[in-house]
Asker: 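Would you mind keeping the following structure in view while I ask a few things?
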Amino acid sequence: SDYCEQTYFSHTAKYSQYCMDCLRIFHCELCYECVDCIKCYNLQNSQNCEDSSDSYFLKNCKGVKNSFGCINLRHKEYCFLNEQLTKEEYEARLKELKLDTVEGREHAREKVEEWFLQFPEKENHNVQIEGSTGDYLRNAKNSTNCFDCSEIWDCNYCTNLLESAHDCMDYDVWGMKAERIYECI
């Protein structure tokens, strides 16, 4: 992790503050148990979200605020299990869940995981790639079997390369404008 403040028990956190128990978060703040989230604020128990805030148990959402248990939504607010509610209805349903207790949170998690099974999963989570294979790639070109990388081109069999890498092979964990790296970690 790099450029973080008060971020605990997290792996591959970049430019994040006051987060805990997260994996692959970038530019996030006040997040808890989030995986693969970018530019999120006060998000809890969520995965594959971007520009989302003040929500619980989101999956594959962008621009979602004040919502619970939603999947595949874009630019929505006050949704509960993908149902649009008024602010008052949303707050009443959220209060019923008792998310401030361990039992309430576990019951909510079980309910949401069952709910998510009704929806299809994305084949991959790539953004702006050209001639590349793998998953969780951002801005990749001519790269083969790479995973969890951003700003890469002409790379093969690489993982966790962040902030630019070029002409690399069998390389894991770093990036930072690396070039012509072979079999390194």
Asker: For atom NZ of Lys122, decide whether the heavy atoms of other residues, nucleotides or ligands shown that lie under 6.0 angstrom number more than 12.
Answerer: yes

Asker: Would you say Asn48 and Tyr136 are linked by a side-chain donor-acceptor pair, where the criterion is simply a distance under 3.5 Å?
Answerer: yes

Asker: Using a distance-only test with no angle check, is there a side-chain donor-acceptor pair under 3.5 angstrom linking Tyr90 and Glu88?
Answerer: no

Asker: Considering residues at least two apart in sequence or located in another chain, which fulfil the salt bridge (charged side-chain N to carboxylate O under 4.0 Å, His left out) criterion with Glu113?
Answerer: none

Asker: For Phe9, look at atom CZ and say whether over 12 heavy atoms of other residues, nucleotides or ligands are found less than 6.0 Å away.
Answerer: no

Asker: Taking the side chain as every heavy atom from C-beta outward, state whether Ile152 and Cys146 have any pair of such atoms under 4.5 Å apart.
Answerer: yes

Asker: Partners of Phe147 by ring-ring contact (aromatic ring centres under 6.0 Å, His included), sequence neighbours excluded?
Answerer: none

Asker: So with a 6.0 Å cut-off around CD of Glu114, is the heavy-atom count from everything else above 12?
Answerer: no

Asker: Testing Glu91, Lys87, Glu77 one by one against Asn66 for a side chain to side chain donor-acceptor pair (under 3.5 Å), which residue passes?
Answerer: Glu77

Asker: Are Lys14 and Asp2 close enough for a salt bridge, meaning some N to O gap below 4.0 Å?
Answerer: yes

Asker: What I want to find out is whether Glu29 reaches Lys39 closely enough, with some N-O distance under 4.0 Å, to be called a salt bridge.
Answerer: no

Asker: Output, in order, the C-alpha distance, side-chain angles, deciding distance and verdict of side-chain contact (heavy atoms from CB on, under 4.5 Å) for Tyr56 and Arg105.
Answerer: CA-CA 10 Å; Tyr56 301 87; Arg105 190 166 289 258; 3.8 Å; yes

Asker: Counting only heavy atoms not in Trp153, do more than 12 fall under 6.0 Å of its CH2?
Answerer: no

Asker: Who pairs with His107 by side chain to side chain donor-acceptor pair (under 3.5 Å), at least two apart in sequence or on another chain?
Answerer: none

Asker: With rounding to the nearest 0.5 angstrom, report the CD to OG distance, Glu151 to Ser164.
Answerer: 6.5 Å

Asker: Under 3.5 Å, is there a donor-acceptor pair linking the side chains of Asp135 and Asn124?
Answerer: no

Asker: Below 4.0 angstrom, N of the basic side chain to O of the carboxylate: do Arg24 and Asp148 qualify?
Answerer: yes

Asker: Check for me whether Arg93 meets the cation-pi criterion with Phe68, that is, NZ or CZ under 6.0 Å from the six-membered ring centre and within 45 degrees of the ring axis.
Answerer: no

Asker: Roughly how far, to the nearest 0.5 Å, is the CD1 atom of Ile25 from the SG atom of Cys49?
Answerer: 12.5 Å

